Amino acid sequence: MASSSDKVVETVIAGNYVEMESEGGKGKDMKSRVSSLLWHGGSVYDAWFSCASNQVAQVLLTLPYSFSQLGMASGIAFQLLYGLLGSWTAYLISILYVEYRTRKEREKVNFRNHVIQWFEVLDGLLGKHWRNVGLAFNCTFLLFGSVIQLIACASNIYYINDNLDKRTWTYIFGACCATTVFIPSFHNYRIWSFLGLLMTTYTAWYLTVASLLHGQVEGVKHSGPTKLVLYFTGATNILYTFGGHAVTVEIMHAMWKPQKFKSIYLVATIYVLTLTLPSAAAVYWAFGDMLLNHSNAFALLPRSPFRDMAVILMLIHQFITFGFACTPLYFVWEKAIGMHECKSLCKRALVRLPVVIPIWFLAIIFPFFGPINSTVGSLLVSFTVYIIPALAHIFTFKSSSARQNAVEQPPKFMGRWVGTYVINVFVVIWVLVVGFGFGGWASMVNFIHQIDTFGLFTKCYQCPPPPLPHQLNATATATAAAPSPHHHTLPPLHHRGGH
């Protein structure tokens, strides 16, 4: 009986995508086949690549910094905890999406040229007040998520080319990332998601192997945790790490059979943990408390062709992740101005451009790579992808009739409805108290400290100071007085090898 009802649900949900694929598959020439292979992705594997690729990007480079704030044991524990909580709330979002879409499909609503978003799911299931809250949090989070990718681009490229300061690099990469306006939807991220995951995998294992080969620096100390402010700042960066499912609904909508999404995020998280745990632990083991003043792990590893390759791959991946974070914002903006169902790609790309401008501007105001992750994690991610989905699930199924008629019943091993309710309440209380409460306080204190130390619009955040005139003169004198042409002076202070 259950299998027949599942088939009905599958048919209802997948109807439009089956139709789209059958139309898209009529051309059998090589060009259409290549286009389909690289461009049109809606399978379970595409969704997995999208989730895993989107979940860990530049944050991979800041996790060692979090370990230095938390200590090794707490760092590992928080990664495992938030990985599980993130997977659970992604599951809840997928259940609510399937519930909403099935109800609408039964009412003969056609989503042919319309991408369903999280705030619309909340609106359809719980009303306009939930929609407004969800829209506000989601858009603000994705806005700052895009800002963080731009900041990360500038921070990373600086370790290859320091002829330009980080602010100038932000201008350049802002223009590059604006090209994401031409990617219609998550349906078209097939090749990018695949490549993105390869890039983060290489970078994670580079950090791990390079740190182990480098060995521990002389006099290394592992004193974390030392201060509550640093402890909860590090914890909220990890909360942010596993809060990448703000785009879950859009990724699901790009699937041909969205109801198969349920366990995809968990499997993606397990894979991501194989990248984040070894890399963060290895870098922290090698450099210890030095990481407290170096939020980007690249800053401490000596320059090599392997490091340069990792930097370049992360730059490309940040471009992809910028698209992931910004595409839902494009959709919201298109809907607001009535252009969402326009079939002209060029017109849609043109009207999307204003979305990039505030992102560009905010990246220049707050270039605090590392601390900004924790601030966004505590104030925005906590509500967007943890608290609101858990509360929405509780209120959507609070009546017995809603539970009986639910499209997806909770699994037996989770305790059915009672078990689901208990887990949801735990998620809400934990994230509200630890993530938003303590985490919000700690990350804001740290963020304000960065502003006081470096100032807004800082030209080059955490860059080594340029050599002073008297130091340059001393170096020149030492060179002139050198006893032998084979005697080398010390490298200039602006050399990046050990920073």
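Since the model is a prediction, treat every value here as computed from it, not as a measurement.
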Scanning both residues in full, the closest heavy-atom pair of Val272 with Ala52 reads CG2-O, 3.8 Å

Does the side chain of Tyr330 pick up a donor-acceptor pair with the side chain of Thr180 at under 3.5 Å? yes

Can you see which heavy atom on Arg101 is nearest to which on Pro258, and at what distance? NH1-CG, 4.1 Å

Closest approach of Leu96 and Ala392, non-hydrogen atoms and distance? CD1-CB, 3.9 Å

With a 6.0 Å cut-off (strictly less than), is the heavy-atom count around CZ of Phe194, excluding the residue itself, greater than 12? no

Determine whether Asp308 and Tyr159 make a side-chain contact, defined as any pair of heavy atoms from C-beta on separated by less than 4.5 Å. no

Is the shortest side-chain heavy-atom distance between Ser279 and Leu63 below 4.5 Å? no

Do the side chain of Thr226 and the main chain of Ser223 share a donor and acceptor less than 3.5 angstrom apart? no

Side-chain donor-acceptor pair under 3.5 Å between Thr233 and Ser443, yes or no? no

Is it the case that the side chains of Thr62 and Ser295 hold a donor-acceptor pair, with the cut-off being a distance below 3.5 Å and no angle test? no

Would you please name every residue forming a side-chain hydrogen bond (donor to acceptor under 3.5 Å, both in side chains) with Ser193, sequence neighbours left out? Ser50

Can you confirm whether Cys51 sits close enough to Ile251 that some side-chain heavy atom of one is under 4.5 Å from a side-chain heavy atom of the other? yes

Can the ring centres of Tyr206 and Phe306 be said to be less than 6.0 Å apart? no

For residues Leu275 and Leu60, report the shortest heavy-atom separation together with the two atoms involved. O-CD1, 4.2 Å

Can you find a side-chain donor-acceptor pair between Asn138 and Thr384 that sits under 3.5 Å? no

Quick one: does His222's side chain have a donor or acceptor within less than 3.5 Å of a partner on Trp285's backbone? yes

Working to the nearest 0.5 Å, report the span between OG of Ser53 and CH2 of Trp192. 11.0 Å

Look at the side chain of Thr241 and the backbone N and O of Asn237, then say whether any donor-acceptor pair between them is shorter than 3.5 Å. yes

If you define the side chain from C-beta out and look only at heavy atoms, does anything of Phe438 sit under 4.5 Å from Thr236? no

Does the Arg303 side chain pair with the main chain of Ile160, one donor and one acceptor, at a distance under 3.5 Å? yes

Indicate yes or no: at least one non-hydrogen side-chain atom of Lys262 is less than 4.5 angstrom from one of Val98. no

Output the distance between atom CD1 (Ile76) and atom CG (Leu70), rounded to the nearest 0.5 Å. 11.0 Å

Take Phe119 and Val332, measure what side chain to side chain contact (heavy atoms under 4.5 Å, CB included) needs, and give me the verdict at the end. CA-CA 10 Å; Phe119 71 91; Val332 172; 3.8 Å; yes

Salt bridge (Lys or Arg N to Asp or Glu O under 4.0 Å) with Lys221: which residues, sequence neighbours excluded? none

Looking only at atom types and distance, does a side-chain atom of Ser43 sit under 3.5 Å from a main-chain N or O of Asp46, one as donor and one as acceptor? yes

Verify whether the ring centers belonging to Trp88 and Tyr91 lie closer than 6.0 Å. yes

Note, Met252 side chain near Ser94 side chain (heavy atom, < 4.5 Å): yes

Trp441 CH2: over 12 foreign heavy atoms closer than 6.0 Å: yes

Using a cut-off of 6.0 Å, state whether more than 12 heavy atoms not belonging to Met414 lie near its atom CE. yes

Below 6.0 angstrom between ring centroids: does that apply to His294 and Phe287? no

Would you mind writing out the side-chain donor-acceptor pairs for residues 319-327 within the sub-3.5 Å range, not counting sequence neighbours?
from: Thr321; atom 1: OG1; to: His317; atom 2: O; distance (Å): 2.9
from: Thr321; atom 1: OG1; to: His317; atom 2: ND1; distance (Å): 3.2
from: Thr327; atom 1: OG1; to: Tyr189; atom 2: OH; distance (Å): 3.4
from: Thr327; atom 1: OG1; to: Gly323; atom 2: O; distance (Å): 2.5

What is the minimum heavy-atom distance between Ser74 and Tyr231, and which atoms define it? OG-OH, 2.9 Å

Go through the structure and list residues passing side-chain contact (heavy atoms from CB on, under 4.5 Å) with Val434, not counting sequence neighbours. Tyr82, Phe232, Trp430

Run the side-chain contact (heavy atoms from CB on, under 4.5 Å) test against Ser68 and tell me which residues pass, sequence neighbours left out. Tyr65, Tyr284, Leu291, Leu292

Could you check Leu230, Leu228, Val229 and say which one makes a side-chain contact (heavy atoms from CB on, under 4.5 Å) with Val445? Val229

To the nearest 0.5 Å, what is the distance between CD1 (Ile364) and CZ (Arg167)? 7.5 Å

Less than 4.5 Å apart, any side-chain heavy atom of Val283 and any of Phe298? no

Which of these, Leu143, Thr140, Ile148, sits in a side-chain contact (heavy atoms from CB on, under 4.5 Å) with Val376? Ile148

Proximity of Tyr97 and Trp118 rings by center, below 6.0 Å: no

Any side-chain donor-acceptor pair under 3.5 Å between Tyr265 and Thr248? no

Quick one: CD1 on Ile270 to CG on Leu80, what's the gap to the nearest 0.5 Å? 11.0 Å

Mind listing the closest non-hydrogen atom pair of Ala390 and Val427 along with its distance? CB-CG1, 4.4 Å

Take atom OH in Tyr45; do more than 12 heavy atoms of anything else shown fall under 6.0 Å from it? no

Does Asn293 reach the main-chain N or O of Met290 with its side chain, forming a donor-acceptor pair under 3.5 Å? no

Quick one: are Phe173 and Gln318 in side-chain contact, heavy atoms under 4.5 Å? no

Taking salt bridge (Lys or Arg N to Asp or Glu O under 4.0 Å) as the definition, give me every residue that meets it alongside Glu334, ordered by chain and number, with sequence neighbours left out. Arg348, Arg352

